[in-house]
Each structure stands twice: as C-alpha cells, then as structure tokens.
Amino acid sequence: MLIQKGPLTRKLSAFVALSGDDLETLARFHRRRRTFQAGHELIHEGETHQSAFILAEGWACSYKILPDGERQIVDFQIPGDFLGLRSVLFRTTDHTVEAVTCVEASEVLTSDIFDGFATAPRLAMAVLWAASRDEAMVVEHLVSVGRRSADERMAHLLLELGARLLLVGIGDKTGFDCPLTQYHLADALGLSAVHVNRVLRHLREEGLVTFQKGRVDFDDLPRLIELAGFDLDYLDQDGPLLR
C-alpha cells in the first residue's frame, strides 16, 4: 500500500520513525475527508460527543468566548494538526475550533483513535508527543500575554508559526503565506487591532519582519529571534527520538 507523507506524517515523524504499519493506521484516520468553508465551526464549546479532526489543508483557530462576548484565541492550527483531540476524551468540549480559511479536514471518531492506538502503540506515543507539544505552545502563549511586550509577543508568534509550517513542508526560512487578519492576531495576543497595526508597522520599520498582503517575510531573522527571546527547543522538532 502506497502511503503519502502528508503534513501529519511529517509532523509525527519529528518524534518517532513511523513503521509501515503505523503509516497504514494513520492513513485510516483520513477516511472521512470533508471540506469546510471559512468561518465554519468544526467544534463547538459545550457540546458533547464531538469528533476530532485532522487538518489537511488550510488554517483554523481554537478559542474561548468570555461572558461579555470577548474572544481569546488559544492557538492557530495548521496542516498536520489535530483539531479538538480533547473533544473525544472530555465529556463536554471546552473550546471552539473555527476555520480561518476554507479547510480540508478528516473527521476522526473516538473508535478510530482507540482502535488505532491499540494496534499501533508507537503511533499512540507520537500523537501523545504532538499533544504535549501543543501544551508547550500554550505555555509560551501564556508567557507572551503575561510578560512579553507587544513587539516581543508578535515576533514570538510569527517565529513559532514559521517554525511549525517549516516542519510540515509549508513555507521556508525566509517566511510564509499567512491568512490571519489583524483581528486574529489581536485576539491571540491580548492586544487591540489598532495596537497590532502599530506593532507590525514598527517591526517593519525596524527591518525585522514584514507582514503585508497575506505574506510574512523575515527581513532580519537573527535580530527578530533575539527580540523575541525565541528558543526553538520547546517545539522539540530536531528529529525523531524513537527509531
């Protein structure tokens, strides 16, 4: 059976060298491929018995809505990411996942995950690694909102997105295509959209990074990394630990 190495396979292979059997099990997770338009809620906070999804193409975001209607974006999802993995384990879904662009995603049922992990324990370990990596990113986002300056928050987020996209074969070290609006960035970084505009203009004028017309270009990567205090270690993507 010929198994294509899609974004999820590329991502999980950063932790474990997947066998042919692992790849066949992973391929079965993609049997229910669906297309969703931008703005569609794939997962809705408060619902029960939700499926999870594997994002194959496009971008999504996960968020919480506060009682006053304000939105806090917890993270952005790119190809190769699980959407709502907790939704198949928790009794009630604790967050919403919305398509930022038109997306293609594979629906994964609880039975798919349990059956797959029972027959492919190395794959289960790889998915656990991916979930732990997601948690590490949320920790960094919390640090950003709590302690980093606005410039540092923006620089750190753009560098993180660039590194994540590079791992799954999208973008390169010079930059990446990015569909996020200033409102997305504001809700993720705890800033107003006006403040986001000022920050992006300042970073551009300093010759560090340019975000215009749906494209992020790293103009001076070493200085941007220094500004953000960006340490790639928390993404843990230097190569497989298990072979």
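Along the sequence shown, the residues carry numbers beginning at 1. Side chains included, hydrogens not; waters and symmetry mates left out as well; all remaining heavy atoms used.
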* Honestly curious: do V168 and L12 fall in one hydrophobic cluster under the side-chain, below-4.5 Å linking rule? -> no
* Asked: Shortest non-hydrogen contact from V209 to D219?
  -> C-OD2, 3.3 Å
* Do any N or O atoms from the side chain of D172 and from the backbone of T174 form a donor-acceptor pair under 3.5 angstrom? -> yes
* Structure fact -> Note: A163 and L232 closest approach over all heavy atoms is CB-CD1, 3.6 Å
* Asked: Counting distance only, does the side-chain N/O of R153 pair as donor-acceptor with the main-chain N or O of L189 below 3.5 Å?
  -> yes
* From L165 atom CG to E160 atom CD, the distance as rounded to the nearest 0.5 Å -> 10.0 Å
* May I ask you to say whether R164 pairs ionically with D75, meaning some side-chain N is under 4.0 Å from a carboxylate O? => yes
* Verdict with reasoning, R133 to D236, per salt bridge (charged side-chain N to carboxylate O under 4.0 Å, His left out) -> CA-CA 7 Å; R133 182 173 176 265; D236 194 43; over 6 Å; no
* Asked: If you take all heavy atoms of L159 and A228, which pair is closest and at what distance?
  -> CD1-CB, 3.9 Å
* Asked: Is the shortest heavy-atom distance from the side chain of I170 to the side chain of F176 under 4.5 Å?
  -> no
* ILVMFWY network linking L167 to F76, side-chain heavy atoms under 4.5 angstrom -> no
* Asked: Looking only at side chains, do E47 and T93 share a donor and an acceptor under 3.5 Å apart?
  -> no
* Does a side chain donor of either H184 or T181 reach within less than 3.5 Å of an acceptor in the other side chain? -> yes
* To do: Please report the C-alpha distance between L185 and L200 in whole Å, then the side-chain angles of each, then the deciding distance to 0.1 Å, and finally whether the side chain to side chain contact (heavy atoms under 4.5 Å, CB included) criterion is met.
  => CA-CA 10 Å; L185 296 173; L200 290 173; 4.3 Å; yes
* Indicate yes or no: at least one non-hydrogen side-chain atom of W59 is less than 4.5 angstrom from one of C178. => yes
* **ILVMFWY cluster, L224 and L235 together (side-chain gap under 4.5 Å)** => yes
* Asked: At what distance, to the nearest 0.5 angstrom, does CZ of R31 lie from CG of L109?
  -> 8.0 Å
* Please answer: with hydrophobic residues joined when any side-chain heavy atoms are less than 4.5 Å apart, are L208 and V199 in the same cluster? => yes
* Asked: Q72 side chain to D187 main-chain N or O, any donor-acceptor pair under 3.5 Å?
  -> yes
* Judged by modelled atom types alone, do Q50 and H44 share a side-chain donor-acceptor pair under 3.5 Å? -> no
* **Residues D112 and R28 bridged, charged N to O under 4.0 Å** => no
* Asked: For L166 and K173, what are the C-alpha separation, side-chain angles and deciding distance, and is it a side chain to side chain contact (heavy atoms under 4.5 Å, CB included)?
  -> CA-CA 7 Å; L166 187 63; K173 292 184 178 180; 4.1 Å; yes
* **D22 side chain to T25 side chain, donor-acceptor N/O pair below 3.5 angstrom** => no
* Determine the minimum heavy-atom distance between P79 and A56, stating which atoms define it. => CB-O, 3.4 Å
* **Non-hydrogen side-chain atoms of I65 and E70 separated by less than 4.5 Å** => no
* Asked: Does one hydrophobic cluster hold both L26 and I78, with members joined at side-chain heavy-atom distances below 4.5 Å?
  -> no
* Asked: Step by step, would you call R32 with S106 a side chain to side chain donor-acceptor pair (under 3.5 Å)?
  -> CA-CA 5 Å; R32 302 177 190 87; S106 300; over 6 Å; no
* L180 side chain reached by L161 side chain, heavy atoms, under 4.5 Å -> yes
* May I ask you to test the H95-V74 pair for a side-chain heavy-atom distance under 4.5 Å? => no
* Structure fact -> Between S51 and E107 the two heavy atoms that sit nearest each other are OG-OE2, 2.7 Å
* Going by heavy atoms in the side chains, are E104 and R34 under 4.5 Å from each other? -> no
* **Residues E140 and Y234: side-chain donor-acceptor under 3.5 angstrom** => no
* To do: Decide whether S144 and E152 meet the rule of one side-chain donor and one side-chain acceptor closer than 3.5 Å.
  => no
* R148 side chain to A155 backbone, donor-acceptor under 3.5 Å -> no
* For residues I73 and Y183, determine if any side-chain heavy atom of one lies less than 4.5 Å from a side-chain heavy atom of the other. => no
* Aromatic ring pairing F29/F82, orientation class (parallel under 30°, perpendicular over 60°, tilted between) -> perpendicular
* Point-to-point distance, once rounded to the nearest 0.5 Å, from CG of L157 to CZ of F230 -> 10.0 Å
* Asked: Would E45 and K64 pass as an ion pair if we require N to O under 4.0 Å?
  -> yes
* **Interatomic spacing from CG in L8 to CG in D81 - rounded to 0.5 Å** => 8.5 Å
* **S62 side, atom OG; R86 side, atom CZ - distance, nearest 0.5 Å** => 7.5 Å
* Heavy-atom distance under 4.5 Å between the side chains of K11 and W129, does that happen here? -> yes
* To do: Please identify each residue that fulfils side chain to side chain donor-acceptor pair (under 3.5 Å) with H202, with sequence neighbours left out.
  => D151
* **Remaining members of hydrophobic cluster (4.5 Å side-chain criterion), V103** => F36, L42, I43, F53, L55, L83, V97
* To do: Indicate whether any N or O donor in one side chain lies under 3.5 Å from an N or O acceptor in the other, for H40 and Q37.
  => no
* Where is the tightest heavy-atom contact between A186 and A193, given as atom of each residue plus distance? -> CB-N, 3.7 Å
* **No-hydrogen, no-angle side-chain donor-acceptor test under 3.5 Å, R204 and T210** => no
* To do: Report the distance from atom CG of D177 to atom CG of D217, rounding to the nearest 0.5 Å.
  => 9.0 Å
